[in-house]
Amino acid sequence: MSDAPLLAIDRLTKVFVTRRGFPIPRTVSVRAVDSVSLTLGRGEALGIVGESGCGKSTLARVALRLLPPDGGGVRLDGEDVLAASPARLRQLRVRMQIVFQDPASALDPRQRIGCSLAEPMRVHGIARGAAAITRVRALLDEVGLPATALDRFPHEFSGGQRQRIGIARALALGPDLIFADEPVSALDVSVQAQILALLADLKARRNLSFVFISHDLGVIRYFCQRAAVMYLGRVVETGPADALLDTPLHPYTDLLRRSSPVPDPAAAIAMQLQEGEPPSPINPPSGCHFHPRCPHATDHCRAVAPSLVEITPGRSVACHLHAPATHT
Amino acid sequence: MSAATTVGPARVSTWTRARGNPAIIAGSIICLILVIMALFAPWIAPYDPNKQMLGPQLADPSRAHWLGLDSFGRDVFSRIIWGARISLWVGVVATVMAMIAGSAIGIVAGYFGGAIDRVISGVTDILLSFPQLVMGLLLVAVLGASIGNIILAIAITAVPAFIRLARGSTLAMRERDFIDAGRALGFSDMRIMFAHVAPNILDEIIVMGSLWLATAIRTESTLAFIGLGVPPPTATWGGIIREGFEYLNDNYLLAVFPSLAILITMIGLNLIGDGLRDATDPRAPQ
């Protein structure tokens, strides 16, 4: 990890606004990503954990400028991604790519695999014709697919193979950074392990950085050096993945950890289930968003939103329990 | 998401499914005969369609004149064969024009959304609120009755339907991750719209096109019947019905034969269109 981060996300915010209701429509806004700041070093994997709807995927899409942001900044190697001109953005896109959750939807069903993988190279003038085909063969080999895949269509492959193709396409331009949006959640457990091993191998071989989005703590622990926990659009805790999952500071991280299945029959009794579902992001709770589900909530939690404070070097948490200094 | 999984395999087999469909086979045979008739009219038609015979006017069908003679003593069978040329040409060209223009506009509306979509959809809704025939009439009346203007008028009446279809299909396609993947890979909007969205909605547009072809041919005949078609003496199906209509009491067969020609064409095209629609619908029983 060098000192200058490869990716620096600074107070990134995304608000979805819709008009709902009849006969008098009301403007409803959802802060899907609420002032999120994260950094990622070269060759590092940062896990983003949270329940569905907490803004994990939106964060990735805004950082990639697939969705327009509503505030904050994203810097890749110090360069402002959100302010880049269309031409410059095209060049920046070469360096950051995305792998999607559903590999069936991520590939154009009417395009042969060879064409899918060669197209980005042609568009960016990296290679064309026979040279592109040679590179595509190498990519297929790298992700563990036979060269015969070239002339086939996505529907001829299994889910795991399609995910390999999706990964190969993300690698086609030789990126430094990959946003992996739940890349193994749609796959069988046995296939998950293969894909994770492939990603870990690619990460080491190509010195790739990953923003790895998942709701599966086991996957995060296996793949990521650091992790960030999101709740209703906000980051509530960050830190080294092992430490964060072994000794959670934030009550929500603790809840996530305790509600993950443990592969030990004796431990099942110890599993405590927490009451309640995540509140509606349209009308989030006041103060700390987590207070309605938190066993330690106080009046202060209901009134004031805690900010993310570094407790020990490398570990930050947004919780009043751990930052008494902010009680003023 | 789960529906998307099944679309891939089902779509590729569309044409395989279509090939064995009896409706499509029957429709294709009918249409093939019509196309051959139209293409080879000069060789198939027994007489010059505009030549006035010496035989009696409004003659009944006979061995020499299979479908009889019209009020000018012209051979009705030859005129119907030549009329197929006009009907098919106008129908095909107008439908293809509408398909291309409507799909392009619809894809743009669906892909960009926002203000562009609101303007395009608003105009489309206004155009759709006119009955198709009224719209065709207005346009021909304004533009003047020539074959080019009739094609243009029919194409314009068909465009809104294609815009709406392409827009809806594009909206559905936009939800698929491969569109975002293309953007993340730095593809231009044009590339995504016409190299990735268009091929994936082509099936639906072709099905719609085969059904609209029937409508376009009917509209052409209707315009000709009203007197706003390709001007006489050119033989058109609608024109022959119009002439026959004037002599309905003397010899009703003159109006019946070209009507039958239109009916057979409609049946053929609709058999193909319905068959294709069933074949492209992954949920349709096979």
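Chain letters run A, B, ... following the sequence lines, proteins first and then strands; every chain starts at 1.
For a residue to count as touching a neighbouring chain, one of its non-hydrogen atoms must lie under 4.5 Å from one of that chain's; by this rule A/P154 does not touch chain B. Heavy atoms closer than 4.5 Å to chain B are found nowhere in A/Q91, neither backbone nor side chain. Looking at A/R169, the atoms closer than 4.5 Å to chain B (heavy atoms on both sides) sit in the backbone and in the side chain alike.
Listed options B/V197, B/I179, B/L185 were ranked by heavy-atom pairs under 4.5 angstrom with chain A; first place goes to B/L185. Ranking A/Q101, A/R90, A/R65 against chain B, the residue ahead of the rest is A/R90, based on heavy-atom pairs under 4.5 Å.
Put simply, CZ on B/R191 and CZ on A/R122 are 5.5 Å apart, with the number rounded to the nearest 0.5 Å. Rounding to the nearest 0.5 Å gives a distance of 4.5 Å between CG of B/N200 and CG of A/D108. Note: B/F187 CZ to A/E119 CD = 3.5 Å, rounded to the nearest 0.5 Å. Note: A/R93 CZ to B/R183 CZ = 6.5 Å, rounded to the nearest 0.5 Å. For the atom pair CZ of B/R176 and CG of A/L107, the computed distance is 10.0 Å after rounding to the nearest 0.5 Å.
Residues A/A106 and B/A181 approach most closely at O-CB, 4.2 Å, considering heavy atoms. Shown here for A/P109 and B/F178, the closest heavy-atom pair between the two residues is CD-CE2, 3.7 Å. A pairwise comparison of heavy atoms in A/L66 and B/D180 identifies CD2-O, 3.7 Å as the closest pair.
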